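Only a predicted model underlies this, so the values are computations on that prediction, with no experimental measurement involved. Order of appearance sets the numbers: ligands from 1, and atoms from 1 within every ligand.
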Amino acid sequence: LKNMKKSQKQKQQQQLPPGPPKLPILGNLLQLGELPHQSLWKLSKKYGPVMHLKLGRIPYVVVSSAETAREVLKVHDLECCGKARLTGVGKLSYNYLDVAFAPYGDHWRQMRKLCVMELFSHKRVQSFQFIREEEVASLVNSISRASSSASPVDLSQKIFALSGSILFRVAFGKRFQGSHFDNHKFHELLAAAMAVGGSFTSEECFPYVGWIIDRFSGYQAKIESVFQEVDSFLGQVIEDHLKAEGTKQEHEDIVDVMLRIKREQAQSAHEEEQLTTDHIKAVLVDLLLAGVDTSAVTVIWAMSELARNPRVMSKAQDEVRKCIGKNGSITEDNMEQLQYLKMIIKETFRLHPPGPMLLPRQTISHCKINGYDVNPETLLQVNVWAIGRDSRYWSKAEEFFPERFIDNSVDFKGQNFELLPFGGGRRICPGIQMGISTVELALANLLYHFNWKLPNGMEGGDLNMEEAIGQSLTTSKKTPLMLLPINYSHPK
Ligand code: HEM
């Protein structure tokens with residue numbers, strides 16, 4: 001009793017971060033609106049760069065400046081790198097056997113090591129270069145065929161298909177054309193999984209009664225049905241790989257690598273946690289959730305910004321066409337020369353980070369951010385979208401101006417807290433090289449092989465740049481990007 005009284009007293013003396021007034025039961029849920037990163041940005045202008053809110057019963061802290069992001073991701077990374085246990089995510093991650101949603105601890109460390117050393121190592125990412133090059137070439141061919149009809153192409157759809165095909169081959173070693181997943185079905189399932197991964201159940205937000213809302217809204221049933229479909233697909237993939245074991249294969253895919261490690265572990269008497277089929281499936285779900293949409297939306301936002309900014313588009317085309325010459329075949333080895341293209345990608349990440357508030361974290365223990373108390377088990381997010389648009393760090397912040405990165409060492413590898421598309425600290429994205437390789441190669445090819453026009457006499461300013469509404473882990477463009485491709489042939 002004495003201890004309880006002491007901790008109550010301590011809590012009363014605490015200074016929580018400021019934040020908007022909270023409604024009984026709902027807390028601040030209604031203030032999040034349809035695009036929470038935008039609503040929270042507006043609120044932060046009033047309440048400051050560290051805000052305290054409540055999502056139903058869940059305490060929620062949002063930071064929105066480079067300085068406070070540094071405190072969360074660097075100074076207090078250890079206190080802030082936990083993960084909340086949310087129903088949808090728990091189900092999809094086979095009860096947190098994965099990396100991205102696993103709580104901080106030995107299990108996460110071991111899975112993270114598997115990712116960094118084996119699955120996304122520099123060597124492994126390079127070993128998939130031929131897949132990226134083949135899939136990008138096939139995208140170029142399909143756009144080239146479409147260009148003869150002189151009608152606009154749905155570039156959003158084509159780029160999602162590209163990113164999905166690459167990840168499918170990298171992870172599972174086969175194309176989804178011809179598998180029981182066609183492009184459409186694959187993306188439908190992925191969107192459903194992203195929605196489940198990106199949302200809370202009412203049960204989490206409301207004490208005692210939440211499960212009733214979930215039952216009536218069908219949310220639990222949705223989680224269950226998405227999980228069943230993903231699980232049966234991954235089960236089939238693993239079975240196919242086991243059947244093919246022993247037959248000589250030229251390239252190891254991600255499933256091969258994990259099955260090999262599982263066999264090696266079974267033979268050695270290591271104390272470490274052993275990989276099981278569920279661990280493998282959980283990591284594969286992470287790859288699907290983290291690796292497809294993120295790269296695709298980056299390319300789509302970049303092409304949208306270029307379509308709106310003809311000056312930047314033609315400067316980028318000049319660069320890539322000069323560098324490649326009439327040879328016409330672009331490989332990843334050319335990328336180092338494409339400095340302007342790299343600036344375009346940074347500028348795209350600044351204005352359109354695919355995960356506008358990173359993945360939600362949960363504090364493990366008490367820490368102070370900007371002098372305010374943040375208690376253990378507080379849901380914590382970094383609004384990197386808001387930081388990218390903050391005029392304190394970026395002059396003419398709303399303008400797409402890649403030249404701002406000339407003679408500017410700011411990069412996106414987690415060391416510069418004003419540009420954090422991949423997050424930072426212990427939980428920084430381990431797939432940076434994998435994602436960037438796809439984004440660079442796709443953009444370079446789209447710019448080399450085609451000139452692009454907006455359809456129906458549209459001007460740059462008419463392009464709809466709104467963000468899609470809906471709970472998901474990534475933020476995509478609301479309307480598909482429709483552009484008219486014109487085949488470019490290099491002068492002899
Ligand atoms: C443009 C592409 C990508 C972007 C912008 C991106 C962004 C992110 C972000 C913001 C996080 C959370 C970091 C944090 O909370 O601090 C993350 C985590 C993660 N990403 Fe990526 N990502 C991309 C591509 C990929 C790819 C291609 C893969 C793998 C195939 C991948 C795998 C992961 C994993 C496994 C995590 C969880 C790491 C952990 O919790 O330890 N990502 N990513």
Worksheet item: Which atoms of ligand 1 are found less than 4.0 Å from any heavy atom of F120?
Response: 29 (C), 30 (C)
Practice prompt. Would you mind telling me if ligand 1 is within reach of the side chain of T298, the backbone, both or neither, using heavy atoms under 4.0 Å?
Written response: side chain
Worksheet item: Under 3.5 Å, is there a donor-acceptor pair linking the side chains of D240 and Q236?
Response: yes
Worksheet entry | Atoms in ligand 1 flagged as close to R112, the criterion being non-hydrogen separation under 4.0 Å | 38 (C), 39 (C), 41 (O)
Item to complete: Would you check the N or O atoms of D286, main chain and side chain alike, for any that come under 3.5 Å of an N or O of ligand 1?
Response: no
Response to the item:
For atom 23 (C) of ligand 1, the closest protein heavy atom turns out to be T294 OG1, 3.5 Å
Item to complete: Inspect the contact between E135 and R175 and indicate whether a charged nitrogen and a carboxylate oxygen are less than 4.0 angstrom apart.
Response: yes
Fill in: Donor-acceptor under 3.5 Å (S365 side chain, E79 main chain)
no
Practice prompt. Could you tell me whether R427 sits above the aromatic face of F422, with NZ or CZ closer than 6.0 angstrom to the six-membered ring centre and within 45 degrees of the axis?
Written response: no
Worksheet item: When you check the gap from the basic side-chain N to the acidic O, do D411 and K342 get nearer than 4.0 Å?
Response: no
Response to the item:
The option among G424, A290, G355 carrying the non-hydrogen atom nearest to atom 33 (C) of ligand 1 is A290
Response to the item:
closest protein heavy atom to atom 21 (Fe) of ligand 1 is C429 SG, 2.3 Å
Worksheet item: Going by the atom numbers of ligand 1, which of them fall below 4.0 Å from some non-hydrogen atom of L358?
Response: 10 (C), 15 (O), 16 (O)
Worksheet item: Can you tell which part of W108 has a heavy atom less than 4.0 Å from ligand 1: side chain, backbone, both or neither?
Response: side chain
Practice prompt. Distance to 0.1 Å, residue and atom name: give those for the protein heavy atom nearest to atom 7 (C) of ligand 1.
Written response: P421 O, 3.5 Å
Discussion item. Does E377 have more than 12 heavy atoms from other residues, nucleotides or ligands lying within 6.0 Å of its CD?
Written reply: no
Worksheet entry | Protein residue, atom and distance nearest to atom 4 (C) of ligand 1, heavy-atom basis | F422 CE2, 3.3 Å
Worksheet item: Nearest protein heavy-atom contact for atom 28 (C) of ligand 1: which residue, which atom, what distance?
Response: G431 CA, 3.8 Å
Worksheet item: Does P354 have a heavy atom less than 4.0 Å from any atom of ligand 1?
Response: yes
Discussion item. Is it true that K477 and T479 share a donor-acceptor pair across their side chains at a distance under 3.5 Å?
Written reply: yes
Worksheet entry | Spacing of I324 atom CD1 and Q337 atom CD [to the nearest 0.5 Å] | 7.0 Å
Worksheet entry | Cation-aromatic face contact K281/Y94, 6.0 Å, 45 degrees | no
Discussion item. Looking only at protein heavy atoms, which one is nearest to atom 16 (O) of ligand 1, and what is the separation?
Written reply: R361 NH2, 2.8 Å
Practice prompt. Report the nearest protein non-hydrogen atom to atom 13 (C) of ligand 1: residue, atom name, distance rounded to 0.1 Å.
Written response: R427 O, 3.3 Å
Discussion item. How far is atom 36 (C) of ligand 1 from the closest protein heavy atom, and which atom is that?
Written reply: P430 CD, 3.4 Å
Worksheet item: How long is the span from the OG1 atom in T331 to the CZ atom in R132, to the nearest 0.5 Å?
Response: 11.0 Å
